[in-house]
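Below is one structure, written out as structure tokens, with a few remarks after it.
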Amino acid sequence: MVRSRFAPSPTGNLHIGGARTALFNYLYSKHHRGVFVLRIEDTDIERSRDEYVDDILGGLSWLGLDWDEGPYYQKDRTELYREHAERLLKEGLVYRCYCSAEVLEEKRKAALKEGGKPHYDRTCRDLPADDPSHEGKPYVLRFRTPLSGEVSFADLVRGKITFKCEELDDLILLRTDSSPTYNFTVVVDDALMGITHIVRGDDHINNTPRQIVIYEALKYPVPQFAHVPLIHGKDKARLSKRHGATSLLEYRNDGFLPEAVMNYLARLGWAHGDQEIFSREELIEKFDLPAVGKSPSIFDMEKLTWLNSHYLKTLPEDDIAKRLLPFLDEIGISAGYDARLVRIIVNLRERAKTLKEMAQMSEYFFRDDHAVDDAARAKFLTPATKPILTDFAEDLKGIASMDDEESLKARLEGLTKKYNAKPVAIIQPIRVALSGKTVSPGIFEVIAILGKECVERRLKDAIESIQ
RNA sequence: GUCCCCAUCGUCUAGCCUGGUCCAGGACACCGGCCUUUCAAGCCGGCAACGGGGGUUCGAAUCCCCCUGGGGACGCCA
């Protein structure tokens, strides 16, 4: 049984990179009909914040990456870590180190200056156990890393990776205040939670051998690892705050659909032939770790946007209509779900790239005091077009239903003949009169959706506004 | 500095494992055309890449080595 996990630390929002790691874990476990575990790594009390936990949980839920177990909080498991540390101490696999943080920092700097590895010099490693000179002094627990030999593992995306033990440091497992550190908790938890596959960012490759030796010391089975490349910003550097490595939820707020974001994230670093569009079910069916690329990819907003328009156009219309509601609300339009709304989105979804944009584009369908574009007014609501609008308003009186496209079309053709003009010359003034813009869905659709009363009112207002 | 990882169009990628069908395929973006009632959408077409150098081989994007470039890690952060 495959058991994967996503283990973020709540020291920041769930950004694009984290979301993709979560997605890959989710897809891998679902593909193998396994279990997806969520664990919050909040051992850094200083920087962990509840609001980040909320953001992470909210982001995952929005994407629909539902976890089967958890969330587990490491904060609640400190006793477990302490027990394991004691066990290692009893077995002589960890030792007390009395070096202060300041001394360590100086040693690191000195080593770096001389061109060496900034590693701990192992001063306390061979201190006699009964040495009384450190009695009562604060200490940390360090792992007694093997001094020679090598550690290797078969990475599911990169193949075999080997490290020499000399490269490994004697990691601190328990701090002075006896709180556990990352490399220790992650091993204990993954082992205890029965995690079989660890899918994480490749910034953890260096931690992997250090963790493997801890697994071995603890006599726990070593899981499989898969290190996926990081997502970079346009400058090819790791995604950070300045690239908009902001919360995933901002994409929701900006009107992106979770289907599009999931599809985009999956294709970032992974491919299945030439296919671009994948539903969640297809992703679960087709996703596999060996197909994940090895090189970092750059986040491309344009492609995400393209996918978003694709889903806007292809998802069920009633679904899109319902999802538009909160965005309408956002700009002060309290609409409800009905046939008219569906009709509006059917016309707008070919043109809008996001739900947010769609809401803005739909404003004039909902209120008479909608924005009117000055340039559009200046160009199309003029003394020259006034008679056209007047004639058209007059024509309308003879038509019972604005859904009667045939009749409307006939009147329009009449006007093109009368004014000896192209259709566009007749239609644009009407479009501006009705929508306040030069751009809108087909004019007959606009007229039909607005309804007779509204169309007459707006034509009248437009005509009166022309000096 | 040391270690680890990576390297195909501007971007996401297919192809690489199992060399020839690749003068390298798809997608986004961009450019042009068609359609047209505006804007989109759609359809058609175009531009555009195997980082460099050595090998191996009849033949290399594909295998090997070196170089270069990029990224990551080196915390009592995760």
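What you see is a predicted model, and the numbers here were worked out from it, not measured in a lab. Protein chains get the first letters and strands the later ones, always in sequence-line order, with residue 1 at the start of each.
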I'd like the P distance from B/rG20 over to B/rC63, given in whole Å.
11 Å

Distance check needed: B/rC4 P versus A/Ile212 CD1, whole Å only.
15 Å

Taking A/Asn183 for the side chain and A/Leu171 for the main chain, is one N or O donor matched with an acceptor at less than 3.5 Å?
no

Under 6.0 Å between the ring centres of A/Phe153 and A/Phe225?
yes

Tell me which of A/Lys294 and A/Glu167 sits closer to the 5' end of RNA chain B, going by the nucleotide each one is nearest to.
A/Glu167

Both distances under 3.5 Å, Watson-Crick or G-U wobble: report the partner of B/rG1, or none.
B/rC74

Can you check the distance between B/rU21 and B/rU62, where both ends of the measurement are the C1' atom (answer in whole Å)?
14 Å

What interatomic distance, in whole Å, is found between P of B/rG51 and the corresponding atom of B/rU13?
16 Å

Starting at CH2 of A/Trp306 and ending at C1' of B/rG26, how long is that distance when rounded to a whole Å?
10 Å

Does CD belonging to A/Glu51 count more than 12 external heavy atoms closer than 6.0 Å?
yes

Under 4.0 Å protein heavy-atom contacts per nucleotide of nucleotides 73-78 of chain B, with B for base, S for backbone only and - for none
SBSBBB

Taking the same atom, C1', in B/rU8 and in B/rC16, what whole-Å distance lies between them?
10 Å

How is A/Leu412 classified with respect to the nucleic acid when contacts are heavy atoms under 4.0 Å: base, sugar-phosphate, or nothing?
nothing

Can you tell me the base-pairing partner of B/rU57? Count Watson-Crick or G-U wobble geometry only, both distances below 3.5 Å, and say none if there is no partner.
none

Expressed in angstrom and rounded to an integer, what is the separation of A/Lys303 atom NZ from B/rA29 atom C1'?
10 Å

So what does A/Lys437 hit on the nucleic acid, given a heavy-atom distance under 4.0 Å: a base, only sugar-phosphate, or nothing?
nothing

State the pairing partner of B/rC17; accept Watson-Crick or G-U wobble contacts with both distances under 3.5 Å, and report none otherwise.
none

Measuring only the C1' atom in each nucleotide, how far is B/rC9 from B/rG26? A whole number of Å is fine.
12 Å

A/Tyr139: what forms a ring pair (Phe, Tyr, Trp, His ring centres under 6.0 Å) with it, not counting sequence neighbours?
A/Tyr98

Rounding to an integer number of Å, can you tell me how far A/Met361 CE sits from B/rA40 C1'?
7 Å

Distances under 3.5 Å only, N/O to N/O: pair up the protein atoms with those of nucleotides 34-38 of chain B.
{"residue": "B/rU37", "atom": "O2", "partner": "A/Arg431", "partner atom": "NH2", "Å": "2.7"}
{"residue": "B/rU37", "atom": "N3", "partner": "A/Ile443", "partner atom": "N", "Å": "3.3"}
{"residue": "B/rU38", "atom": "O2'", "partner": "A/Thr438", "partner atom": "O", "Å": "3.1"}
{"residue": "B/rU38", "atom": "N1", "partner": "A/Arg431", "partner atom": "NH2", "Å": "3.3"}
{"residue": "B/rU38", "atom": "O2", "partner": "A/Thr438", "partner atom": "O", "Å": "3.2"}
{"residue": "B/rU38", "atom": "O2", "partner": "A/Ser440", "partner atom": "N", "Å": "2.9"}
{"residue": "B/rU38", "atom": "O2", "partner": "A/Ser440", "partner atom": "O", "Å": "3.3"}
{"residue": "B/rU38", "atom": "N3", "partner": "A/Arg431", "partner atom": "NH1", "Å": "3.3"}
{"residue": "B/rU38", "atom": "N3", "partner": "A/Ser440", "partner atom": "O", "Å": "2.5"}
{"residue": "B/rU38", "atom": "O4", "partner": "A/Ser440", "partner atom": "O", "Å": "3.3"}
{"residue": "B/rU38", "atom": "O4", "partner": "A/Gly442", "partner atom": "N", "Å": "3.2"}

Restricting both atoms to N or O, compile the protein contacts to nucleotides 13-24 of chain B shorter than 3.5 Å, with distance only.
{"residue": "B/rU13", "atom": "OP1", "partner": "A/Gly269", "partner atom": "N", "Å": "2.2"}

Look at the side chain of A/Asp55 and the backbone N and O of A/Leu14, then say whether any donor-acceptor pair between them is shorter than 3.5 Å.
yes

What interatomic distance, in whole Å, is found between C1' of B/rC22 and the corresponding atom of B/rA60?
11 Å

Any sub-3.5 Å donor-acceptor pair from A/Asp155's side-chain atoms to A/Val157's backbone N or O?
yes

Counterpart base for B/rA7, defined by Watson-Crick or G-U wobble contacts under 3.5 Å:
B/rU68

In whole angstrom, give me the gap between the C1' atoms of B/rA24 and B/rA78.
42 Å

For A/Trp270 together with A/Phe287, are the ring centres under 6.0 Å from each other?
yes

Less than 4.0 angstrom from a charged side-chain N to a carboxylate O is my criterion; do A/Lys313 and A/Glu350 meet it?
no

Rounding to an integer number of Å, can you tell me how far A/Lys313 NZ sits from B/rA40 P?
12 Å

Rounded to whole angstrom units, what separation is found between the CZ atom of A/Phe163 and the P atom of B/rC3?
12 Å

Can you check the A/Asn308 CG to B/rA40 C1' distance for me, whole Å?
15 Å

NZ/NE/NH1/NH2 to OD/OE distance under 4.0 Å, A/Glu405 and A/Lys409
yes

Under the salt bridge (Lys or Arg N to Asp or Glu O under 4.0 Å) definition, can you give me all pairs with a residue in residues 168-186 of chain A, not counting sequence neighbours?
A/Arg122-A/Asp170, A/Arg125-A/Asp170

Please give the nucleotide sitting opposite B/rC39 as a Watson-Crick or G-U wobble pair, both distances under 3.5 Å, or none.
none

Return yes if some donor-acceptor pair links the side-chain N/O of A/Asn25 with the main-chain N/O of A/Phe6 below 3.5 Å, else return no.
no

Rounded to whole Å, how long is the line connecting atom NE2 of A/His232 with atom C1' of B/rA7?
13 Å

Pairing nucleotide - B/rU62, Watson-Crick or G-U, each distance under 3.5 Å:
none

Side-chain donor-acceptor contacts of residues 371-378 of chain A below 3.5 Å, not counting sequence neighbours, with atom names and distances?
{"residue": "A/Asp373", "atom": "OD2", "partner": "A/Ala376", "partner atom": "N", "Å": "3.0"}
{"residue": "A/Arg377", "atom": "NH1", "partner": "A/Ser465", "partner atom": "OG", "Å": "3.1"}

Taking the C1' atom of each, how far is B/rA40 from B/rC35, in whole Å?
13 Å

Main-chain N/O of A/Phe278 paired to A/Asn263 side chain as donor or acceptor, under 3.5 Å
yes

Can you say whether a donor on the side chain of A/Glu276 sits under 3.5 Å from an acceptor on the base of B/rG26, or the other way round?
yes

Can any side-chain N or O of A/Ser100 pair as donor or acceptor with the backbone N or O of A/Val103 at less than 3.5 Å?
yes

